[in-house]
Structure formats: structure tokens, C-alpha cells
Number of protein chains: 2
Amino acid sequence: MPDFPADSRPTPPVRYGSRPTMKDVAARAGVGLKTVSRVVNGEPGVTLETESRVRAAIEALGFRRNDSARVLRKGRTASIGLVLEDLADPFYSPLSRAVEEVARANGSLLFAGSSAEVPEREQELALALCARRVDGLVIVPASEDHRYLEPEIAAGVATVFVDRPAGRIDVDTVLTDNAGGARDAVAHLIAHGHRAIGFIGDTEGIYTADERVRGYHEAMASAGLPVDEGWVSMGPTSPERVRSELDRMLSGPAPVTAVFSGNNRVTVTAVRVLADRPDPVALVGFDDFELADLLRPGVTVIAQDPVRLGRTAAELLFRRLDGIAEPPRRVELPGRLVARGSGEIPPPSA
Amino acid sequence: MPDFPADSRPTPPVRYGSRPTMKDVAARAGVGLKTVSRVVNGEPGVTLETESRVRAAIEALGFRRNDSARVLRKGRTASIGLVLEDLADPFYSPLSRAVEEVARANGSLLFAGSSAEVPEREQELALALCARRVDGLVIVPASEDHRYLEPEIAAGVATVFVDRPAGRIDVDTVLTDNAGGARDAVAHLIAHGHRAIGFIGDTEGIYTADERVRGYHEAMASAGLPVDEGWVSMGPTSPERVRSELDRMLSGPAPVTAVFSGNNRVTVTAVRVLADRPDPVALVGFDDFELADLLRPGVTVIAQDPVRLGRTAAELLFRRLDGIAEPPRRVELPGRLVARGSGEIPPPSA
DNA sequence: TAGGGGCTGGACAACGTTGTCAACAAAGGG
DNA sequence: CCCTTTGTTGACAACGTTGTCCAGCCCCTA
């Protein structure tokens, strides 16, 4: 029941392919542009009667506010970017979900992208996100030098690194205590009687890989155990490499009796390889994975908490966006040893 | 070696907190606004000498083009949106990675969001993405009525549904042949001698769940087998429910000798439950999962191809954006039965 | 009934970019 | 030597929204 003659002004036709704007809505409702804006944004100062007329026009035209224009005007985009190694990696996908959850709670949308462990791609992605003027960035770095982010950070893009630290810039960082977890893993094997323990890790230069091998060496050293040079292998986590390295370690001149695997992909391959062997070999893996408890024996792991990692990082980010100005923080979350059987296999001689 | 006196005009200071614009760059380089735009976009018609002066200014100021403004001007955002049930679900994360990969190949960024199976949240997310003026949407629907998308689609937002069809609108869709896969699964169990086969599926109303239970009934019917009313259970995939339903089916008055589980979460719980039983129970699951081959017995599954699902959907979307105008297409990808042992266990009596 | 105060509504500029168009200089042809 | 052509450059409007500010209007009071 419109209280004005419905046909007193021509209603513009719904144009396909080009969207109606506030101007169109205003024309159709017979009000000013700003009044439409007020209705759309729930601002006060519009009579109920005017508001309902505007709402009817919005409905009729299928109007939806253009947030690009809004962003341009307001400065804030209410979106954050996430750059990680691989969206599909079972370790990172709960992390991204946690980031998304926090973003949602703060009214933000999430841009997500995978670097595929290629430094140039990380940079390309991060800068593309900055060009979109994301309010903040959560980054699992693949590169070693992040000075390229300095202008962005100076311009106010809140930035938090997760899982691995940033290179050559000082920013908020959320990490797991990788070296500590590795020490625990190796100490666990030593406690079960092992002396010859192999380590198969990810490519050298990746922070987590380096920290874990460091923890391995520390644990061996503090137990007074020598490390044979063939016991440590760093490289790509491809099944082929892991398989051949494992075979080498288990059958070389100084064979290992236990294996510490440096991440979940390595662990999975290791489980496969070890299952083919006649004698059981002790195994502890870094990173938990689904069904680890269902295997026989269950796989003992150092479990990180990817959800907490992501949540902590995102919360830190939004605290920055709320204007908290503290020096960059470095949060380190503990790993947790979950004993399931594979790590408690004694050495053959014992 | 600038060929103009470096101090002939005052260089504006780098303002922190607010970013330099093309205007700033132009002022610093002593050129017009449009010339900066040309350099930034690699348009022809700029002398090498002018270009280098502009580049120097860009470098010095840390300028990065504001893509929000660009989007506003150009209309296309070079970004697409992905709405799915759960970013962290091991089934959907390879799908999202595949979508991301195709987006990247087409020069687009990806907005990702989880609906958590809540219809309102799906709609809220999809419309928020439309307000950001994404060029297209890939949606794994959680709701039953998608007419709310009609104005968006009319306005040119390319839209593709994956894994589940859209409700009450006619759009491009990419699905797995769920009923067919379910028929294969049940037929496989029947071929191994089973007559009493239970089905535990996801909540009724979810398309894939309904299709799979339909396939189950079809396979039983076409083998001339009756279905006891206690053999079919639909509901949430929580471990508690799955456990109690399984226990009920296996020990009731008409106990089943084999189980067909309706998705990977159900399957995982089923494996756990069945591992606790003294006698082996045959099991086939819908959806493959990592390590299914490592369990003893290996778990027989109907494998979908989430990567292909995602890739196909995204490619369809970009084909639409390239202006292909065909009626909406419905692509159905086959499932593949992977026999690993658990499905080949004979019934106890045999 | 005139004047003042509180609401409501609209005109206008600005956000940073790109498309259009015209100005200008240098080069070439008659 | 002038006119045309080619190539380089910049002024200006427009994209759709929001913030500022001012003009009416209504109601109340004196």
C-alpha cells in the first residue's frame, strides 16, 4: 500500500548484466541517494515509511551494495589474507579453518592461497592480497626474506606469521616448539632402549625441518650418543626419496633400530615402508594424523595443535587491527607426545 | 643518474598509515597521473626515459596499486568465491586446492568460506561474496533453495555448484554419481555372499546422503533382497551416533553381516568400532581416505575424485566468464570401487 | 502567530583508479 | 615551408559508495 501514486514516475527497467546502484534505488523509491545509503547501513534518521519504500525498491531491483566502492571510500576492507603452503595439506587445512572462524567472528572474509613452497609465489600472493587492500595477512612463509612486506606493514597491514618465522623483518609470530618436540620424540626412543636412531626430515632451509633436526641432535648429544653420518637425511618428502633413504638406513653398515620422521608426509610413507619389513621398527613421527591410532601398532607422534596455531595467529592479528600497539610478539606453543605403540617397540637386541 | 635536477621539486615525505597513490607517484616523478597508470599497467606509449623515472618514484614511495579502486572502475574483480561445508574436511580440502589452482591459472584470487552445513550461513557467505563483486562462485550447497542467487546470476556472477545440486534454480553443476557408486558398493558386498547389509548415512535431506541411500535400496532390490527396517540409519555423523547405530545393527534380532558406510567420517568411526569386535565384519565406505590401504584389513571404498570435481567446476566457471553462453550443464563424474580387503570379508555362515 | 529547536532528507565532494579525448612536439611528405 | 601523420602526454569525467553540511519541515512555546 504505497501512499504515493505508483505510476507517477517511470520505474526504470531491471537492466541485466549491469547491476542497480543506490542511485537507481533512490530514483525508484523517489528519495535521495544518501537516504538509500542510510537504510542500507541501518543508520538512524529515516522515517519508517521512507525506509519501507526504499526497502521495496531494493527488493524490486535486486540491489546489493557494491563493497568495492564502499572499501574505496572507507579504507577498511573487512577481509584478511591467508598464505600457506598447501590448502589441501591435512596439517594446514584445520589451521585455515581456524583462521576463517576467527575472521568470521570479527566480520571479515578470508582470501586464501597456496604458495606451493615456492618463494616467488608466496611473495606474488602476499602482494596481490595487499593490492586488494586486505586489512591483515596470516602467512606460513615459504621464503627467507620478507623485507618486501615492509612498505605494506608500514602502511598498516597487520601481519602475523604462523608455523615458521619471518625472515629479516620483525613481526608477530606463532610457532610450535619444534626443537623441544623433536627432543621429546628422540628422548622417548632413547628411553625405550634405542641407541641408533635415524632422522628423515623435510628439505634443509625450511625452518621447521631445521629446528627438528636440531632437536634431534640435542637429544642425542645430551644422552651422550654418537650420530652416524648416514642417520640423518633431509630432502623432499616424496615417497620415493623417503623409501630409499629408509631402506638405506635400515640396511647400511650402521643400521638404525628406530626412526624419527620429521613430518606427517614422511611418517605416512615410513609407516608404509616399515609395514613391508619382517621385523618391527620403532617409529615416532612429528605431526599427528587421522587414524594414527587405528594402525597396528598405533603410531606414536609429537602432536601439534594446528587449530590453536591458527586461532592464536588470527586473534593476534585482530588485536593488532583493534589498535593494540605493542612490540611484535613471538608465541611458542608446545608439542605433545602421544604414545600409541610404534614408539615403544624395543630394539631387536634387547 | 636522474637526468633532471633531483632537488628541483620537493619530494613528498613517505606518509605512514596512509598509502601513496598514483597521484603521489606522479607528483614525485614529475609526470601526469595517467602516465603513471600507463606504466603500472604496462600500456604502450611511454618513453623509456619517462618510464624509468616513474618506476623510480614507485620504488621510492613503496607504491602499490589499489585494486579496490581498479575494480570499481573496471567492473571485473579477478576473484572468485568458494563456499563449502568445511575448509578443513579432508574431502573438501583437495577440492578447494583444485579450485584455487584453476583460479590462479586464470589470474584470479580465491575467497574461501565454510558454511558449516548451516543454510543461513551459506546464504550469508554467498551474498557477502557477491557484494565484494566476485566474478564467480563455486558452491557446495548447504541449503535447499537458491533462488536468492537469481539476481546475482542475472547480474553476471558465474555460478557453479559442486558435489550437490542447487535447489530451485537451474545452474551449472558438477556431481559424483552417488547412487551409482552406492549401487556398486552394495553389489560388491552381495557378490561376496552378504544378504544382510546395513547402511549408515549422513543426515536425511543432504543430497549425497539421499542419493547414496537410494543406490543402496536399488542394489538390494535388484538382487531381490529384502531390507530390514533396522538396517538403514540416517543422521549426524558424530562418532557417538555411528557407534550406537552400528552396535544396534550388529546385535539386533536381524543382525547385519556387512556394513556400507555413507561417507568418510562414518567410515572412520565404523573402522574403529569394528576393530573392537572379535569377528571381522565386512565394510565398504563411500569416499576414499588417506591410509585406508594401511589398515588391516585395508578398507574397501568407493573413491570420488575431489580434485577432478573441483577442477571441473572451476574450469566450467571460467569458461562461462569467457562468455560461453550455453544452457546450464550438469556433469556427473563416476565413482570408482577400490577393493582393499574389508569389502571382501565373507559372511560368518559362509 | 512568530520564532526556535529537533528531525528528516538531499546536494556535493571525495576515495584511487581507468577510459576518453585533446594538446602538443617531432617527423615526414608534398 | 606548410600540412599531415605519428607518437607521447596530461586534463577530466566516471565508477558507486559514504561523510559533511545545509535546507526544509513539523511541533512546541511564548
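The basis for the numbers below is simple: all heavy atoms, side chains too, and nothing from hydrogens, waters or symmetry mates.
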Using a cut-off of strictly less than 4.0 Å, decide whether B/Thr47 has a side-chain nitrogen or oxygen near OP1 or OP2 of D/dT9. yes

Of the listed nucleotides C/dT17, D/dT18, C/dG10, the one nearest the side chain of B/Met22: C/dT17

Pick base, sugar-phosphate or nothing for A/Gly45, based on heavy-atom distances below 4.0 Å to the nucleic acid. sugar-phosphate

Taking N or O atoms only and anything under 3.5 Å, show me the protein contacts with nucleotides 20-25 of chain C, one pair per line.
none

Less than 4.0 angstrom between a side-chain N/O of A/Arg70 and OP1 or OP2 of D/dT18, yes or no? yes

Look at B/Lys74 and C/dG19 and indicate whether a side-chain polar atom (N or O) is within less than 4.0 Å of OP1 or OP2. yes

For A/Asn66 and D/dC15, is the shortest distance between a side-chain N/O and OP1 or OP2 below 4.0 Å? no

Are A/Ser37 and D/dT17 close enough that a side-chain N or O sits under 4.0 Å from OP1 or OP2? no

Give a yes or no on this: more than 12 heavy atoms of other residues, nucleotides or ligands lie within 6.0 Å of atom CD of A/Glu144. no

Salt bridge check, B/Glu101 against B/Arg97: does any charged N sit closer than 4.0 Å to a carboxylate O? yes

Counting any heavy atom closer than 4.0 Å, what does A/Val40 reach on the DNA or RNA strands: base, sugar-phosphate only, or nothing? nothing

Can you see if the side chain of A/Thr35 gets near the phosphate of C/dG10 - specifically, an N or O under 4.0 Å from OP1 or OP2? yes

Taking any heavy-atom pair under 4.0 Å as a contact, classify A/Val71: base, sugar-phosphate, or nothing. nothing

Are any of A/Thr50's side-chain N or O atoms less than 4.0 Å away from OP1 or OP2 of C/dG9? yes

May I ask you to say what B/Asp67 touches in the nucleic acid, namely base, sugar-phosphate or nothing, with a heavy-atom cut-off under 4.0 Å? nothing

I'd like to know if B/Glu117 and B/Arg164 make a salt bridge, using a cut-off of under 4.0 Å between side-chain N and carboxylate O. yes

Taking atom P of C/dC15 as reference, at what distance in whole Å does atom CG of A/Leu72 sit? 9 Å

